**Q** 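My questions all concern the structure below.
Chain naming here is simple, since letters A, B, ... match the order of the sequence lines and numbering starts at 1 in each. These values consider heavy atoms only, across backbone and side chains, with no hydrogens, waters or symmetry-generated copies. Quantities reported herein were computed from a predicted structural model and do not represent experimental measurements.
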Amino acid sequence: MTLNKDKLIDIYYNMLRIRRFEETVKKKHGKQIIGPAHLYIGEEAVATGVCSNLLREDLVTSTHRGHGHTLAKGANLRKAFAELYGKETGYCKGRGGSMHLAAFDVGMLGANGVVGGGFNIATGAALTQQILNKKNVVVCFFGDGASNRGTFHEAVNLAALWNLPVIYVCENNGWASTTNSLDSTAVVNIADRARGYGIKGITVDGNDVFAVYNAAQKLIKAARNGDGPAILEAKTYRIEGHFLGDPQKYRTASEVEEWKLNNDPIERFLKAIRATGEVSEPEIENVKRRIEDELEDAVQFAERSIVPTPEDALEDVYAKEAAR
Amino acid sequence: MTLNKDKLIDIYYNMLRIRRFEETVKKKHGKQIIGPAHLYIGEEAVATGVCSNLLREDLVTSTHRGHGHTLAKGANLRKAFAELYGKETGYCKGRGGSMHLAAFDVGMLGANGVVGGGFNIATGAALTQQILNKKNVVVCFFGDGASNRGTFHEAVNLAALWNLPVIYVCENNGWASTTNSLDSTAVVNIADRARGYGIKGITVDGNDVFAVYNAAQKLIKAARNGDGPAILEAKTYRIEGHFLGDPQKYRTASEVEEWKLNNDPIERFLKAIRATGEVSEPEIENVKRRIEDELEDAVQFAERSIVPTPEDALEDVYAKEAAR
Amino acid sequence: MTKVLKIFSDATLEAMEEEMQRDPSVFVYGEDIIKQGGIWGQFKGLHNKFGDRVRDTPISETALVGAGVGAALAGGRPVVDLHYADFIGITMDEILNQMAKAHYMFGGQGKVPLVLRAPDGVFPHAAAQHSQSLETWFVSIPGIKVVIPSTPENGKGLLKAAIRSNNPVIFFENKKLFSVKGLVRDSEVITPLDKAEIVHKGEALTIVSYGYFLGEVLKAVEIAEKKHSSRIEVIDLRSINPIDEETIIKSVKKTGKLIIAHEAIKIGGVGSEVAAIVAEKAFDYIKKPIIRVGAKFSPLPFSPQLEESVTTSSKDVLAAIEKLLV
Amino acid sequence: MTKVLKIFSDATLEAMEEEMQRDPSVFVYGEDIIKQGGIWGQFKGLHNKFGDRVRDTPISETALVGAGVGAALAGGRPVVDLHYADFIGITMDEILNQMAKAHYMFGGQGKVPLVLRAPDGVFPHAAAQHSQSLETWFVSIPGIKVVIPSTPENGKGLLKAAIRSNNPVIFFENKKLFSVKGLVRDSEVITPLDKAEIVHKGEALTIVSYGYFLGEVLKAVEIAEKKHSSRIEVIDLRSINPIDEETIIKSVKKTGKLIIAHEAIKIGGVGSEVAAIVAEKAFDYIKKPIIRVGAKFSPLPFSPQLEESVTTSSKDVLAAIEKLLV
Ligand SMILES: Cc1ncc(C[n+]2csc(CCOP(=O)(O)OP(=O)(O)O)c2C)c(N)n1
Ligand SMILES: Cc1ncc(C[n+]2csc(CCOP(=O)(O)OP(=O)(O)O)c2C)c(N)n1
Ligand SMILES: [Mg+2]
Ligand SMILES: [Mg+2]
């Protein structure tokens, strides 16, 4: 690991910010926050490790489990919270909610309620970069379950064929809702599917943020240099239920405990940086405090924001036509 | 090649029967036969090599280029011709025509106007074999172009996961309509995609009927024994245009000539069996005569058959409901 | 005839069990149906009873429907669970070009006895991609039958009839219906696939509806009948492909007034087809404009305040009744 | 204003060229559009002029439409050719859940200026999977615009307007239309995306139609007008999402009689929506049953004799006129 201190602090900040965001969502859920919510707890190293390599102009597409991607890409916490609260001040003016969170101001092109819905969108976004001669890279996050959608195949083939600057990042968290990855996917390492498209496929420990960071760095750099797409698979684990309220009959409590206790990506990161002493304890504490302040501010912002006006419900069904 | 004489004659009969059928279609097209017709000339070794390993109860799904598969599976020439003529005596009572030719009496579950439409149908047919404890195998023919449909991915993954008795046979004829295989498919050997599903993938010379036969035999046997699906890719070439009437602006005449003169699957077969003397010239001549007789009879049958009654057009929109 | 109170989810589970018991060629697969017995418990315990004939699948909707067609053509009787009907678009080509046409294109050589269970309708606060009623697309597709149960009893009866049918049947079951209670006959229940039912007799006005929304209609009718002391006829379509024209026309010839009400978006909805049928075939009997009630023309927003303003309910039905009963 | 005689295919090619010239963010891709310039020559020479902005694609329809959405969200203006609209079902989820909703779900953050060119209608003797008119599915989808040209001129004008629109537009162009000739204005042609056009003025009766089938309607009208010496008003919808209610209602208020005619299947067709609008909003002006003309409820058979019996034509329009003009 050859990251400088600022980068390390940044990574810690991003991982913990996601974790604390999700914990807050969990606390508020069923009360101020309603509707389906899929939490990212335990998977923070993936979004963080990948997005730490992206520029603001770079783009990402997300999944139904989109909070982590949104924050890692640098989204504003106020607007993110307000959206989950269904408020007019939210990123989507309360039209989207958790499953359709998007933050175009930082290049996050949207969570998606359709599993596998992001493959083609990311591919198209990369196509626009190519057509318009831009240097931006697109990252497409997807789950192990999503890897079995036909959209995966069509998108990756097209991107490979046209050499598009897009990295498909598989968050293989072992489960797709109640279904184990091995019961739905006829291959152990999803990144191995890259061979069917003549592109690179790399599988890494997704709870080791350094491993994710390094692999992503290599692939993103290559894509930016015109070397085309790749698949990066990060093996991780979903600590919470599939959605808030999931009875989780499909797995044992001990399976979850094992990951929680011995493989928490944030704890692993802390252990690693503490071992080298690169970041001091006060600096760590400082990050925590910053996040708590940011959170409290955001929650308050969301709570005192106004709800959308029912009469405006049909606004934005169509975009305004400019005289062009 | 360890095939006995009967089998060799059988193979010759099947390849030539397809060839002569197609030549007849070409002759009649625009006159007695109308509508889109995609000919199989030059690819006879694929359907023949594969179907020679199938039992009557085994099933196949086909493509828009379905005459060859239909005949190789043993379809009745009269009913096949009558269908292309749009007659009531045709396999589909004139409802289907070339693109929807089907011969359920010999397990041919239908040509398909939707490219890639057969993947899932074949997979489902194989599922029924497994659920009902039958020993039949299903073969799914598909083109290089079709290999880029999402249906390919979903079907093969499902078949691999459930260990279904289905062989996906790719007829890689280098072209999908006007588009070269290498301009649409991000991998050179489509069978290599098998790795993404943990199953076997074999690429063979599709104009060498022995190579096709042997590879198919192995895979079909394995599938019948419960060893699951596989992909067999046969590299071949489409001698005729994509459809009858194709201006063929996308390829050179010399490319076609080269294949026609030096790589005709029927000529190659004849050369091989003549070299060993296994089949005598009179036996070869006998096959030719049988086919000409069969053809003439079938054409006459088609020509004197009646056209469907317009009043019956809505028949078969729904199947009759039996009291069950 | 005894009747027992059951929730819709359990009634359809009985249908599955009875038909799987009766016919070994019936089997079912879908996403996440084993471990939690389906999102609404509609497959609870089925895997224990029937083992491999009940399967979890990958997230591969085109494969689920397409393989269903192949399985049916090869002699099976698959029941395919779509998880959410919101994603039925993924499978539209399989439905339109394979499932609906195979029997016809092949001149009757094969048949496609496939049932597609498709939970639809608003899932509160789940926003635009999980709250849709798309049944109108299927009115215009020849070769399929499309039913929409409204009660536990006809849910069971329609599902059993669908499984026994020799034709492909789409079974749209509203997400909010699974927990609805109703009396279900204890003996065999088979509900015909192509018949509407008059669920409430009347003379003043005809309301055509179907599915979960029928409950909203009946609520409005109760209030209106009291207020106007007149009787309103309510027809439960049950099938939208085919639509039972005879029952509708007979009713409007009697009442002379028509409302069609559904949870789906009003524009281009099933109500349009019903209105058009009546405007064509019973025009001379109609005394007032035909009113359609349905959701506004918008994707469903997340925020509850917006959600309520876009969706429709008994209030809108009542307003329509008021217009016609003045 | 000079006008030049052109075939539809060439007129739309001009639209492509002009818009690609005008705006470097416009690009186009589809199956087999480079080498033969598209099935009907509608992309002839475009690759030579614009190079990499004109691309052949794999046979991957979901990717084509889905990538179009992503390309548009990222600032591009893609025109996606669907090859045959018969396969639009493959892309229905991309259309419904991404293309139509992205702008709304994200609270207006992104827009989707995507044009989907979708050649539809009967392709003679190509049978059930290559001869469909599926436009009715798109009437009920909020967030998209859907236009259907009927002449070379409005083909060009609607395509240009579609490319300039900030909303996703589906452009259904009938396969038989590509070779149809018509006069096209020599100067800039822009046709509004949401306006119907009265193409023939009259008082005796209103006929609403659109697309290639408008030609069949005009044929019937010519015969009927001579015979009955009365004038028939013909409205070309041009857009089916939204439907220009105002123009229709104004016309039927004048004529009191309405026929809706299209090549698509009658049941559940666009005609149903138009009939329902009129039965709701102009009921008191209508003097006779509203008649819909469309294809029979069947997949298209291959055999020419059957094909003719299932499809509809000017003869059916004429029969409907006869019913209303007696
Ligand atoms: C096309 C589609 N099918 C099914 C669903 C229902 N569903 C939502 S999330 C999910 C599991 C997704 O698993 P995975 O891709 O591994 O992502 P994870 O939840 O593990 O992050 C399913 C089946 C859906 N939303 N979309
Ligand atoms: C889903 C779909 N997309 C496009 C088409 C149009 N089309 C018909 S055949 C064909 C090429 C198919 O190529 P391939 O699969 O290689 O088969 P081949 O014609 O070479 O036998 C295309 C694009 C179609 N019929 N279906
Ligand atoms: Mg997962
Ligand atoms: Mg090919």
Side-chain angles (χ1 to χ4, degrees), chain A residues 114-121 123 126-127 142-164 166 168 170 172 176 179-203 227-231 233, chain B residues 114-121 123 126-127 142-164 166 168 170 172 176 179-203 227-231 233:
Chain A
V114 180
V115 169
F119 293 119
N120 290 322
I121 294 178
T123 305
L127 173 58
F142 69 103
D144 47 293
S147 76
N148 300 311
R149 285 279 326 272
T151 47
F152 166 85
H153 181 64
E154 297 196 359
V156 178
N157 181 63
L158 192 69
L161 199 66
W162 289 354
N163 206 42
L164 300 178
V166 51
Y168 302 94
C170 181
N172 189 340
T179 304
N180 192 285
S181 175
L182 299 177
D183 294 334
S184 72
T185 313
V187 73
V188 174
N189 291 332
I190 288 163
D192 289 353
R193 291 188 164 163
R195 297 193 202 172
Y197 315 98
I199 61 171
K200 239 181 247 138
I202 300 179
T203 301
D227 292 344
I231 299 177
E233 176 183 18
Chain B
V114 181
V115 169
F119 292 119
N120 290 322
I121 294 178
T123 305
L127 174 59
F142 69 103
D144 47 293
S147 76
N148 300 313
R149 285 278 326 272
T151 48
F152 167 85
H153 181 65
E154 296 197 0
V156 177
N157 181 62
L158 192 69
L161 199 67
W162 289 354
N163 207 42
L164 300 178
V166 51
Y168 301 94
C170 180
N172 189 340
T179 304
N180 192 285
S181 176
L182 299 178
D183 293 334
S184 71
T185 312
V187 72
V188 174
N189 290 331
I190 289 164
D192 289 354
R193 291 188 164 164
R195 296 194 202 172
Y197 315 97
I199 60 171
K200 240 182 246 136
I202 301 180
T203 301
D227 293 344
I231 299 176
E233 177 183 19

**Q** For residues A/Glu154 and B/Asn148, report the shortest heavy-atom separation together with the two atoms involved.
**A**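 A/Glu154 and B/Asn148 have their closest heavy atoms at CG-O, 3.4 Å.
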**Q** For B/Ser147, does its backbone N or O pair with a side-chain atom of A/His153 as donor and acceptor, under 3.5 Å?
**A**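 Indeed, once roles are kept as given, a pair shorter than 3.5 Å links the two residues.
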**Q** Name the option with the most non-hydrogen atom pairs under 4.5 Å to chain A; the candidates are B/Thr151, B/Asp192, B/Thr185, B/Asn189.
**A** B/Thr185
**Q** Under a 4.5 Å heavy-atom cutoff, which of B/Leu182, B/Ile199, B/Asp183, B/Val156 has the most pairs with chain A?
**A**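 The option with the most such pairs is B/Asp183.
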**Q** Return the option, out of A/Val187, A/Ile190, A/Leu158, A/Asn157, with the maximum number of heavy-atom pairs under 4.5 Å with chain B.
**A** A/Asn157
**Q** Report the option among B/Ser184, B/Gly196, B/Ala159, B/Ala186 that has the most heavy-atom pairs separated by less than 4.5 Å from atoms of chain A.
**A** B/Ala186
